[in-house]
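Accompanying notes for the structure given below.
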Amino acid sequence: MMMSSMEKKVRVRFAPSPTGGLHLGGVRTVLYNYLFAKQHQGDFVLRIEDTDQTRFVEGAEQYIYDCLTWCGITPDESPLQPGQFGPYRQSERKEMYRQYANQLIEAGYAYYAFDTPEDLEKMRADFKTESNPSPQYDGSIRMQMKNSLSMSSNEVQDLLNQHTPYVIRIKMPENETIAFHDLIHHEVRFESALVDDKVLLKGDGMPTYHLAVVVDDFLMKITHAFRGEEWLSSAPVHVLLWKYLFGLEHMPQWAHLPLIMGPRGKLSKRDGAKYGFPVFAMNWTDPRSNEFTEGFKEKGFLPEAFVNLLAMLGWNSGEEKELYTIDELIEKFSIERVHKSGAKFDYEKAKWFNQEWIKKLDVDDLLPLVKDMFENKDVRISDDVYFKTIIHLVKERCALISDFYDQAVYFFMAPTEIDVAAVKPKWTIEKANFFEELSSKLEDLNEWEVSTIEEIFKNLAAEKNIKPGELQLPMRIMLVGGKFGPAVFEIAHLIGKADTLSRIQSALIQINE
RNA sequence: GCCGCGUUGGUCAAGAGGUUAAGACGCCUCCCUUUCACGGAGGAAUCACGGGUUCGAGUCCCGUACGUGGUACCA
C-alpha cells in the first residue's frame with residue numbers, strides 16, 4: 001500500500017482525562033484510534049487532558065498506561081515516549097494556549113468575561129423559566145453580563161489592570177449554520193444562535209477542553225479525530241475555532257463514535273458494581289473515596305478477548321466471522337462501517353468471547369495466567385507439566401480465567417464438601433460394598449493407568465451385577481465433589497492412587513451415615 | 001424545555017428499492033456423553049408508529065413516538 005507523498009501521514013490521538021478508571025467506552029475509543037492508525041501506517045498519540053486541576057486523581061495517569069499495556073496497545077507518542085510534538089500533558093503546555101485565546105480576542109472572535117461564579121448562578125436563576133429550564137450564556141444574554149462586549153473599553157481596561165479574574169469566551173456568531181462532515185454521521189449541522197459562548201480560557205489560565213483540543217490537534221498534526229458521541233454537541237465550537245485559528249482546510253476529519261450503553265441506559269462509571277459485571281478495564285481504587293471497582297482483567301478476561309469483543313461493539317466487518325486477533329482487526333477495520341447507533345453491552349456475549357479465546361489459546365499461553373490465579377488463592381503449583389495437562393483437560397469448561405479454580409482445584413486438594421445429596425437417594429448397601437472392594441483392588445494395582453483403573457472398575461461392576469453408569473457418578477462425587485469435570489478415570493489417574501483411595505474412603509463415611 | 005444524534009428479534013448485528021429479512025449471544029428441544037462442558041441438529045423471536053414517493057420500501061422523503069448525548073471556569 002503506497003502512500004502518496006502529497007498525502008499527510010495519518011496521526012490520531014486518544015486524549016483521556018486522568019480522573020478515574022478507564023471504562024469500556026474509553027478502551028473502545030483507544031482501540032478504534034489504534035486500529036485506524038496502524039492500518040494506515042500512521043501514528044497513535046496518547047495525550048493527557050489534565051487541564052482541570054481540581055479533578056486531579058493520584059495514580060489515574062499510570063492506570064491508563066497500565067490498561068493500554070494490558071490490551072497490547074502501545075502509543076507511538078505519549079508522555080512516556082515523547083515524540084517531536086511534546087509535551088504530551090496539557091498541564092505542561094499551559095503557556096501555549098493563551099496566545100491563541102488572545103489572537104481570538106484581537107480578531108473579535110472571543111471576549112473577556114468577568115462574571116463571577118455567583119453572577120453566573122444568578123443569571124441561571126433569573127432567566128430560568130418553565131420553557132427554558134437551563135439558560136445559556138449566549139448571544140441572547142451576553143450583553144446583560146459583565147464582559148468586554150457589554151462594557152466600555154475603559155471599564156474593561158480598568159478591570160484588567162486591577163487583575164480582576166476573568167475568563168475568555170468564544171463569541172458565537174449571530175446567525176450562521178455550522179456544518180461539517182463526520183466520518184460516521186456524515187453531514188451534521190448546527191445553528192450558531194443556539195450554541196452558547198463556551199469558556200475557552202479559564203480563570204486559572206488553563207484552557208478548557210474546547211480550546212485545548214483544537215490547539216493541540218493542530219500543533220500535533222492530528223489528521224483524524226475520533227471521540228465519543230457525547231462530544232458531538234460541542235463540535236460546532238471546535239469547528240469554529242479551527243476556522244478562526246488554523247483554517248478549516250487543516251481541520252482533522254471527525255468521527256463521533258456511538259456510545260456504549262449499560263443494561264438500563266447509559267453506562268456509568270459509578271455504578272460498575274450494580275450491573276454485576278465490570279465496567280473498567282482493570283481494577284481501580286479511587287484514592288479519595290477508597291471505593292474499589294473490579295476490572296475485566298481481574299475478573300478473568302483475556303486481553304485478546306476484551307479487545308475482540310470491544311471491537312465488535314459498534315463495528316462489524318460484514319463477514320460472519322466474529323473472532324479476530326488484533327492484527328486481523330487492524331487489517332479489517334474501517335471507520336465507515338462503524339455504526340451510528342449506540343450499543344448495549346451484553347455481559348453474556350462478552351463471556352462467550354472470552355470462552356472462545358480460552359479455547360483458542362495454547363495451554364502454554366494460558367499457563368502463566370491460570371497459575372497466577374491459583375497462587376493468589378494460595379494453591380502452589382510446583383509441576384508445570386502436570387498443571388498443563390489439567391488446563392488442557394478443563395479449558396473448554398471455563399468462560400473466565402477464574403473459572404479454572406472451581407474446575408480444577410480438586411486436582412490439588414480433596415474437595416472440602418461433596419454433593420452427598422446427588423448420590424444418597426440411589427445409594428444401596430451393594431454400592432457401598434462395591435466401593436469397598438474397589439478400594440482394595442485398586443490398592444493392589446501396580447500400574448496406575450487410566451485403562452487399568454477403568455478395567456478393574458468395570459469388571460467389578462459386572463461381577464456385582466451393577467450398571468457401571470450407576471457407579472460412575474458416585475465415584476465422580478467422591479473424587480471431585482460435584483457433578484462436573486472430565487472423565488472420572490482420567491481424574492483418578494491424575495490425582496494418583498493414594499488420593500483416589502483416601503477420597504473414596506472419606507466419602508464413603510459421609511454417604512453411609 | 002431547547003439543540004444534536006439515533007431506532008432491524010431480549011442483546012450484538014448483516015442488509016445500501018425486488019431476499020423465505022443472514023449470522024452470533026442468550027433461551028428451549030433433541031443427538032453425542034451413564035457428570036459437566038465442548039461439538040452437532042432443530043425451534044421460538046425482529047424491520048418503533050403514521051403518512052408519502054414507487055409497479056414494488058427494512059432500505060428514499062416527511063411527521064410522531066421512544067431512546068440517548070449536550071445544555072459547567074468537567075472532560
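On a predicted model such as this, the values are computed, not experimentally measured, just so you know. In what follows, every chain begins at residue 1, and chains take the letters A, B, ... in the order their sequences are listed.
- Within 4.0 Å of A/Pro468, counting heavy atoms only, lies at least one base atom of the nucleic acid.
- When the side-chain nitrogen and oxygen atoms of A/Arg55 are compared with OP1 and OP2 of B/rA72, none of them lie within a distance under 4.0 Å.
- Shown for residues 127-134 of chain A: residues whose heavy atoms fall under 4.0 angstrom of RNA chain B, namely A/Ser131, A/Asn132, A/Pro133, A/Ser134.
- The residue A/Lys351 sits apart from the nucleic acid: no heavy atom pair falls under 4.0 Å.
- Applying the 3.5 Å distance criterion, the base of B/rG69 shares a donor-acceptor pair with the side chain of A/Ser233.
- Taking only side-chain nitrogens and oxygens, A/His256 never comes nearer than 4.0 Å to OP1 or OP2 of B/rC5.
- Residue-level contact check: A/Gly482 touches neither bases nor backbone, having no heavy atom under 4.0 Å from any strand.
- Residue-level contact check: A/Thr51 touches the backbone only, with heavy atoms under 4.0 Å from sugar-phosphate atoms and none from bases.
- Under the 30°/60° scheme for interplanar angles, the aromatic rings of A/Tyr347 and A/Phe301 are found to be tilted.
- Put simply, the side chain of A/Lys349 and the base of B/rA24 share a donor and an acceptor less than 3.5 Å apart.
- The C1' atoms of B/rU7 and B/rC47 are separated by 10 Å, rounded to the nearest whole Å.
- Residue A/Ser341 places no side-chain N or O under 4.0 Å from the OP1 or OP2 atom of B/rG67.
- Inspection of the A/Asp52 and A/Tyr209 side chains reveals no N or O donor paired with an N or O acceptor under 3.5 Å.
- Among the heavy atoms of the strands, none lies under 4.0 Å from A/Gln472.
- Residue A/Pro486 is classed as a base contact, given a heavy-atom separation below 4.0 Å to a base.
- When heavy atoms are screened at a 4.0 angstrom cut-off, A/Ala487 is found touching base atoms of the nucleic acid.
- Backbone-only contact: A/Arg124 has heavy atoms under 4.0 Å from sugar-phosphate atoms and none from a base.
- Between A/Glu348 and A/Lys351, at least one side-chain nitrogen of the basic residue sits less than 4.0 Å from a carboxylate oxygen of the acidic one, meeting the salt-bridge criterion.
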